[in-house]
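This structure is in structure tokens; I'll ask about it shortly.
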Amino acid sequence: MTESPAAPRNFIHEAVESDLQAGTFGGQVVTRFPPEPNGYLHIGHAKAICLDFGTATKYGGRCHMRFDDTNPTAEEQEFVDSILADVRWLGFDWGEHLYYASDYFQQMHDYAVELIKQGKAYVCDLTPEQFKDYRGVPTRPGRESPNRNRPVEENLRLFEEMRQGQHPDGSLVLRAKIDMASPNLHMRDPTMYRIKHAHHHRTGDTWCIYPMYDWAHGLEDSIEGVTHSLCTLEFEVHRPLYDWFLEQLGVWHPKQIEFARLNLSYTIMSKRKLQQLVEEGLVQGWDDPRMPTLAGLRRRGVPAEAIRKFCEEVGITKYESLTDVALLEHHVRGVLNRIAPRRMAVLRPLKLVLENIPEGEEHLCEAVNNPEDPAAGTRPVRFGREIYMEHDDFMEEPAKKFFRLAPGKSVRLRYAGFATCTEVIKDPATGEVLELHGHWDPPDAGLKVKGTIHWVPAAHAVEAEVRLYDRLFAKENPADESDGTRFTDHINPESLKVIRAVVEPALADVAPGDSFQFERTGYFCVDPDARPGTPVFNRTATLKDTWAKVAGRG
RNA sequence: UGCCCGAUGGUGUAAUGGUAGCACAACAGGUUCUGGCCCUGUUUGUCUAGGUUCGAAUCCUAGUCGGGCAACCA
């Protein structure tokens with residue numbers, strides 16, 4: 001593992017340490033990451049993954065990768081595959097500990113029979129409407145089902161009939177007999193099994209009854225010898241039930257500990273909402289680079305290491321918070337700054353003709369590949385009479401503190417000496433600046449200039465498609481619809497701008513997934529859509545732009 | 001309104017009865033062939049009211065505010 005050394009301690013680690021000290025679980029630490037294979041993983045899951053695997057690693061234990069596949073109508077093999085790939089990409093290794101809840105279906109069934117025999121579970125034929133009615137509401141106790149005192153033998157017979165497929169979907173359920181007056185709704189005789197004549201992606205048609213989460217999850221943990229079952233806050237009210245089942249059965253009893261899920265500003269994390277974005281075509285798929293899915297972040301060019309560092313830094317608490325997406329961006333830049341090779345790319349080209357360089361004459365410049373990493377070496381870049389520069393690096397009437405090119409002014413050309421602007425060629429009709437002419441001075445001319453700009457040699461410029469991504473939502477907390485608006489109302493119309501840029505020849509031959517820093521512009525990652533000769537780059541993040549702030553202030 | 005959980009700068013967190021610290025963000029400056037990186041500095045915080053204590057962010061009580069819970073979902 002490439003985890004940074006001192007992962008900060010949190011209240012869960014304290015609990016683990018105290019269990020270790022007390023010998024509660026025989027000195028072991030076993031955690032698990034238990035996704036349901038019904039969607040793609042997102043950065044919120046990454047927090048859980050880092051916690052589950054990180055805690056196990058920290059205390060010399062192990063973490064199980066387990067699919068909680070107890071609902072065949074929602075789950076698919078496609079999601080199993082993507083989840084596995086995403087966890088691996090994030091940098092975690094479950095070794096041989098890959099499990100499926102569906103592998104325990106027989107064992108869970110047998111435990112259910114045992115509970116029936118103990119008189120602690122019964123088959124109930126209440127309709128969903130009646131069920132709801134009998135359960136009551138939080139402020140008032142429920143009523144007992146008329147089936148509650150069905151004899152054990154009859155319960156066994158009916159449950160067996162359920163298993164054999166003799167009853168239609170929804171006609172019967174198996175319920176735990178706990179307490180219809182409990183202030184905790186989940187303790188009011190919760191459902192353990194429902195009938196679903198559905199094809200399961202792993203067990204096929206072997207089963208037509210499927211266990212409910214509360215019944216299944218604790219058993220999965222117990223069967224695998226999990227010690228610390230870490231989950232999000234909304235399961236807190238389920239804990240008494242988790243404990244109740246394992247106590248009745250007298251089996252291995254892990255400790256469930258809850259923590260707050262991750263919320264990111266300008267982002268939505270709900271699986272349902274993400275699905276809606278995909279289905280309504282508001283994004284281009286689960287791996288759209290604007291999506292907070294791991295697949296999307298990967299395609300965007302966000303390094304796994306940045307996600308791990310981010311997850312480590314947001315910490316683990318029981319307080320529901322909204323983390324600033326700027327913190328993620330900070331780690332993205334931090335990692336990429338260290339490893340991304342530098343290249344020159346001009347996003348909005350403006351031609352600059354250096355009149356004192358003869359046509360056809362070329363100079364070779366030596367460009368540094370990564371100032372943060374001397375081992376990355378240098379590369380040659382050809383330089384000649386005509387170059388492309390960034391349109392934004394020219395101002396006909398320069399603002400105060402504008403250190404770039406303007407009529408009569410000079411700038412340094414990165415690695416290639418100096419340019420002084422002598423003439424501005426404009427479209428007479430629109431006034432638009434079309435081309436610049438100027439004078440060139442070699443690097444040793446020693447002109448006193450404050451600015452350096454990047455450029456691409458016109459004779460060797462390579463055209464590229466560049467996708468400029470920005471945050472998907474313009475509202476800090478788009479998931480909050482309490483103001484009467486819907487999250488889709490706040491989609492940032494500028495979240496994607498596709499442009500044609502010119503890049504230096506060294507960027508002509510790149511592979512999908514390669515990351516670069518386009519000097520002075522941002523970090524970019526090669527998209528799988530790239531074809532030989534026409535690279536496609538996704539903007540991962542901009543560079544910090546002090547000038548934009550100064551200019552923005554007016 | 002029944003039960004459960006929580007509350008520390010703008011944001012995320014640390015301090016486990018003894019100097020409220022770190023990171024991000026913001027701001028100011030230094031450095032610089034990237035207005036990047038790096039470096040220095042500044043601003044801003046313990047929800048309220050009582051209580052325990054020599055001493056409370058921390059313990060107790062009450063309140064306020066926020067979140068969660070009424071799928072045959074997980």
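Chain A is the first sequence line, chain B the second, and so forth, proteins listed ahead of strands; every chain is numbered from 1.
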What residues 374-382 of chain A contributes to the RNA chain B interface at heavy-atom separation below 4.0 Å is none

Write down the protein N/O and nucleotide N/O pairs, taken from nucleotides 10-15 of chain B, whose separation is under 3.5 Å; answer none if there are no such pairs.
residue, atom, partner, partner atom, Å
B:U11, O3', A:Leu322, O, 3.1
B:U11, O2', A:Leu322, O, 3.3
B:U11, O2', A:Asp324, N, 3.4
B:G12, OP1, A:Leu322, N, 3.0
B:G12, O3', A:Ser321, OG, 3.3
B:G12, O2', A:Val314, O, 3.0
B:U13, OP1, A:Thr317, OG1, 3.1
B:U13, OP1, A:Ser321, OG, 3.4
B:U13, O5', A:Val314, O, 3.2

Applying salt bridge (Lys or Arg N to Asp or Glu O under 4.0 Å) to A:Glu75 and not counting sequence neighbours gives none

The correct list of stems in which RNA chain B takes part (3 or more consecutive Watson-Crick or G-U pairs, distances under 3.5 Å) is B:2-7 with B:64-69, B:10-13 with B:21-24, B:26-30 with B:38-42, B:47-51 with B:59-63

Residues passing the side chain to side chain donor-acceptor pair (under 3.5 Å) test with A:Thr293, sequence neighbours excluded, are none

In numerical order, the residues of residues 159-170 of chain A whose heavy atoms come under 4.0 Å of RNA chain B are A:Gly170

Residues passing the salt bridge (Lys or Arg N to Asp or Glu O under 4.0 Å) test with A:Glu329, sequence neighbours excluded, are A:Arg471

Sequence neighbours excluded, the answer for salt bridge (Lys or Arg N to Asp or Glu O under 4.0 Å) partners of A:Glu372 is none

Practice problem: Apply salt bridge (Lys or Arg N to Asp or Glu O under 4.0 Å) to the pair A:Glu160 and A:Arg163, showing each step before the final yes or no. | Solution: CA-CA 5 Å; A:Glu160 176 60 12; A:Arg163 187 184 70 78; 2.8 Å; yes

Contacts of A:Arg404 meeting salt bridge (Lys or Arg N to Asp or Glu O under 4.0 Å) (sequence neighbours excluded), chain-then-number -> A:Asp393

A:His186 meets the ring-ring contact (aromatic ring centres under 6.0 Å, His included) criterion, sequence neighbours left out, with A:His238

Reading nucleotides 33-39 of chain B from 5' to 3' and marking B where a protein heavy atom lies under 4.0 Å of the base, S where only the sugar-phosphate is that close, and - otherwise, the string is BBBBB--

With sequence neighbours left out, the residues meeting ring-ring contact (aromatic ring centres under 6.0 Å, His included) with A:Tyr40 are A:Phe79, A:Trp286

